[in-house]
Amino acid sequence: MSFPLLTATAALPAIGAVATAAVPAARRNAAKALALLFSVATLVLAIVVLVRFDPDGARYQLTESHSWIADFGVRYELGVDGIGVALVALTALLIPFIVLAGWHDADPLETGNRRWRPTQGFFALILAVEAMVILSFEATDVFLFYIFFEAMLIPMYFLIGGFGDRAHAHGEETAATQRSYAAVKFLLYNLVGGLIMLAAVIGLYVVAGNFSLTQIAEARANGTLDMATNTERWLFLGFFFAFAVKAPLWPLHTWLPNAMGEATTPVAVLITAVVDKVGTFAMLRFCLQLFPEASKWATPAILVLALISIIYGALLAVGQRDIKRLVAYASISHFGFIILGIFAMTSQGQSGATLYMVNHGISTAALMLVAGFLISRRGSRLIADYGGVQKVAPVLAGTFLIGGLATLSLPGLAPFVSEFLVLVGTFARYPVVGIIATFGIVLAALYTLVLYQRTMTGPVKPEVSTMPDLRARELVVVAPLIVLLIFLGVYPKPVTDIVNPAVKQTLSDVHKKDPQPEVEAAK
């Protein structure tokens with residue numbers, strides 16, 4: 001029996017979560033070091049998975065299959081395609097940086113009532129989320145996927161509600177109230193989506209007789225499983241609604257600015273760079289494979305919602321006064337691009353969407369983590385409280401600029417390639433939609449450059465005049481992300497070579513081919 005590599009990749013952070021939580025309260029630094037050790041070990045295993053994956057091989061590789069709940073046809077089935085393996089690698093890559101960035105975010109907090117934060121719990125919860133996200137990317141049994149899709153809400157709820165941002169202008173009591181509101185809103189939105197999906201999962205079992213993604217997709221392809229049109233559409237909507245909440249797609253997005261604004265910066269990165277990717281990934285893996293005809297039927301409406309997300313998110317980002325909420329609304333706009341690429345139903349669009357998931361994770365992590373370092377120095381999230389930072393902390397300002405330029409998809413940085421592919425793929429089939437989407441690029445330049453101008457340039461405000469530059473630990477967090485942004489911006493081939501075969505297979509599932517360019521015959 002071969003070594004269960006995929007199980008090990010998810011089990012390692014889960015074991016790390018238990019071990020970290022078990023560290024005595026007096027040994028906080030040991031808990032941090034243990035969490036970092038397990039996150040790095042998980043990254044090593046993810047690299048092994050990446051190396052062993054053959055883009056030209058079978059669709060799902062490193063597969064594992066064991067009977068679990070035999071009476072209901074539930075199996076423990078894992079496997080990764082090119083899209084899944086890229087996102088497993090992204091998740092494993094970002095978690096060590098998240099742990100390092102949050103090194104002091106759960107240190108004891110003394111107030112008038114001497115309230116203490118459970119440091120071990122903070123890092124244990126991060127590792128628990130990592131384990132559940134990785135299993136979500138690996139699961140090929142629909143019921144197994146659903147369990148971890150929902151289970152990750154529990155540690156995320158406690159991370160948002162129990163470990164809030166200390167840079168709050170209205171005191172600890174008001175901050176605690178707003179954290180609780182943000183955590184409950186996050187939980188309720190995602191629980192409603194999950195309950196609707198559960199009904200669809202049960203409906204799928206009634207129709208198909210099992211939960212195996214590969215078996216159902218194969219039966220759909222060879223005609224042995226024929227769903228009634230209305231049945232397929234209702235099941236599709238049940239799955240898509242849950243994924244759209246997680247993504248987040250307008251108008252189901254309103255939980256994200258609250259959650260990112262009130263969470264600590266590393267947790268905000270965990271939300272938008274890691275957890276939210278499960279929603280867009282699941283659209284590719286489950287919606288398109290299980291319900292190809294319904295996916296094509298819903299495409300016009302989804303493209304409209306994606307366009308609204310792009311423009312609406314960017315417009316609200318322009319008007320933000322809070323740095324973290326600005327990044328949150330920018331992410332809503334970016335997720336609109338990802339969903340646009342998925343439902344453009346072209347190889348360029350879906351390759352760009354998958355690449356966008358990876359690049360957005362890296363670029364948002366870079367920008368948000370540097371913003372977090374900035375906020376921790378000043379103790380404020382308000383843009384108006386900054387000015388002239390580049391004169392006193394040039395390295396911080398420089399990395400902040402590169403993260404911002406990546407967010408606006410500057411050529412030469414990784415997100416440009418993915419956004420370009422999404423727009424090319426969309427324009428090939430829906431030219432009007434592609435043209436409207438380009439306005440999101442203009443707005444991205446506006447909110448990014450205005451943010452940099454107001455915080456980093458101009459006269460040095462007295463409150464930032466003694467601000468220290470990035471420290472060694474912070475440079476270790478940011479520098480690799482900046483290097484990756486530049487490398488993948490210049491040479492994205494390592495990622496596209498992995499995801500392109502999976503994209504072609506996904507297009508084949510929905511019986512779509514790339515539109516042929518119209519070439520006028522030579523006279």
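Bear in mind that the values here come from a model prediction, so they are computed numbers and not experimental data.
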- Query: Any chance the rings of His253 and Phe335 have centres within less than 6.0 Å?
  - Reply: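 No - the distance between ring centres of His253 and Phe335 does not fall below the 6.0 Å cut-off.
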- Message: Would Tyr157 and Val184 count as a side chain to side chain contact (heavy atoms under 4.5 Å, CB included) here? Give the steps.
- Response: CA-CA 7 Å; Tyr157 169 80; Val184 170; 4.2 Å; yes
- Can Thr9 and Phe137 be said to form a side chain to side chain contact (heavy atoms under 4.5 Å, CB included), step by step? CA-CA 11 Å; Thr9 308; Phe137 291 141; over 6 Å; no
- Task: Evaluate the side chain to side chain contact (heavy atoms under 4.5 Å, CB included) criterion for residues Ile338 and Phe281: first the C-alpha distance (whole Å), next the side-chain angles of each, then the deciding distance (0.1 Å), finally the verdict.
- Result: CA-CA 10 Å; Ile338 294 171; Phe281 162 79; over 6 Å; no
Quick one: side chains of residues 440-447, donor-acceptor pairs under 3.5 Å with protein atoms, not counting sequence neighbours, listed by atom name and distance.
none

- Item | Glu262 with Lys185: basic N within carboxylate O range, under 4.0 Å | no
- Message: Whether Arg377 and Glu474 form a salt bridge (side-chain N of Lys/Arg under 4.0 Å from carboxylate O of Asp/Glu) is what I want to check.
- Response: yes
- Task: Verify side chain to side chain contact (heavy atoms under 4.5 Å, CB included) between Val422 and Gln350, making sure each step is shown before the conclusion.
- Result: CA-CA 7 Å; Val422 166; Gln350 291 189 353; over 6 Å; no
With the side chain counted from C-beta on, respond yes when [X] and [Y] share a heavy-atom pair under 4.5 Å apart, and no when they do not.
X	Y	answer
Arg59	Gln505	yes
Pro257	Lys324	no
Val478	Phe97	no
Ile95	Thr42	no
Asp81	Arg285	yes
Thr457	Val389	no
Leu159	Met156	yes
Glu150	Leu191	yes

- Task: Give every residue pair that meets the salt bridge (charged side-chain N to carboxylate O under 4.0 Å, His left out) criterion with at least one member in residues 481-499, sequence neighbours excluded.
- Result: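 Of all non-adjacent pairs touching residues 481-499, those that pass salt bridge (charged side-chain N to carboxylate O under 4.0 Å, His left out) are Lys493-Asp497.
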- CZ of Phe241: more than 12 outside heavy atoms within 6.0 angstrom?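 More than 12 heavy atoms, drawn from other residues, nucleotides or ligands, come within 6.0 Å of this atom.
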- Please say whether more than 12 non-hydrogen atoms of neighbouring residues, nucleotides or ligands are located less than 6.0 Å from CD in Glu218. no
If the condition is ring-ring contact (aromatic ring centres under 6.0 Å, His included), which residues does [X] pass it with, not counting sequence neighbours?
X	result
Tyr386	none
Phe186	Trp255
Phe337	none

- Message: Could you walk me through whether Ser331 and Thr272 satisfy the side chain to side chain donor-acceptor pair (under 3.5 Å) test, starting with their C-alpha distance in whole Å, then the side-chain angles of each, then the deciding distance to 0.1 Å, before giving a yes or no?
- Response: CA-CA 7 Å; Ser331 290; Thr272 189; 3.1 Å; yes
Kindly compute the distance separating [atom1] ([X]) from [atom2] ([Y]), expressed to the nearest 0.5 Å.
X	Y	atom1	atom2	answer
Leu485	Leu405	CG	CG	10.5 Å
Trp297	Ile302	CH2	CD1	8.5 Å
Ile436	Ile310	CD1	CD1	10.0 Å
Leu153	Leu187	CG	CG	6.0 Å
Leu396	Leu470	CG	CG	4.5 Å
Leu355	Leu488	CG	CG	7.5 Å

- Could you tell me how the ring of His360 sits relative to the ring of Tyr356: parallel (under 30°), tilted (30 to 60°) or perpendicular (over 60°)? tilted
- Message: Check the orientation of Phe416 and Phe420. Use parallel for under 30°, tilted for 30 to 60°, and perpendicular for over 60°.
- Response: parallel
- Assess whether ring-ring contact (aromatic ring centres under 6.0 Å, His included) is satisfied between Phe400 and Phe373, documenting all intermediate values. CA-CA 10 Å; Phe400 189 82; Phe373 298 148; over 10 Å; no
- Message: Consider side-chain contact (heavy atoms from CB on, under 4.5 Å). Of Leu305, Leu307, Ile332, which one does Trp250 pass it with?
- Response: Leu305
- Quick one: side chain to side chain donor-acceptor pair (under 3.5 Å) pairs with a partner in residues 286-295, sequence neighbours left out?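 Passing the test, one end in residues 286-295: Tyr60-Gln289, Glu293-Lys296.
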- Message: Quiz question: by atom type and distance under 3.5 Å, do the side chains of Tyr329 and Gln320 form a donor-acceptor pair?
- Response: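 The criterion, which ignores hydrogens and geometry beyond distance, is not satisfied for Gln320 and Tyr329.
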